[in-house]
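For the numbers below, each heavy atom of this structure counts, side chains included, while hydrogens, waters and symmetry mates do not.
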Amino acid sequence: MVKSHILTSALLIVGASAFAPSSPVAFTRSALRMSDEEPVAEPVVQQSVALVPIKEDTVQFTAGLVGGAIGFAVGGPVLGAFAATATNYISKNDNEA
C-alpha cells in the first residue's frame, strides 16, 4: 500500500516536469544583423481564417446544441432532447421573422 503511494507520487512529479522548460534561454532567437544593413520591417499580413463559416445553418445548429446541453444538465436526457428541439425551432423562427 505504501509502495503504491510512493510510486504514484514519483510518477506525478516526474510527469509534471515534462511540461516545464529545461532552460528559458533555449527558446529565444535573435536575428543576425550585419553592421552595414539596416533592419527591414516585414509587411504584416492579417488573415482571418474561420474554422466554421458563420451561416444561418451553423447558428441554428449551435443554438440547438447549447439548448440541449443546458437541458441535459438541468433535467437529464429527456429534457435535453426537448430543449434542443425547442431552441432549434425558436432560432429558425427568429431568422424568418
Non-hydrogen atoms of Ala83 and Gly71 that approach each other most closely: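 What the structure gives for the nearest pair is CB-CA, 3.9 Å.
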Leu65 CG to Phe61 CZ distance, which is reported to the nearest 0.5 Å: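 Rounded to the nearest 0.5 Å, the CG-CZ separation comes out at 5.0 Å.
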Pairwise distance OG1(Thr87) to CD(Gln60) - rounded to 0.5 angstrom: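 Taking OG1 in Thr87 and CD in Gln60, the distance rounds to 10.5 Å.
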Check: Thr62 side chain, Thr58 main-chain N or O, donor-acceptor pair, under 3.5 Å: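 Confirmed, Thr62 side chain pairs with Thr58 backbone.
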Heavy-atom check, side chain of Asn93 versus side chain of Tyr89, under 4.5 Å: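 Yes, close enough: below the 4.5 Å cut-off.
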From CA spacing to verdict: side-chain contact (heavy atoms from CB on, under 4.5 Å), Val78, Phe82: CA-CA 6 Å; Val78 175; Phe82 177 74; 5.8 Å; no
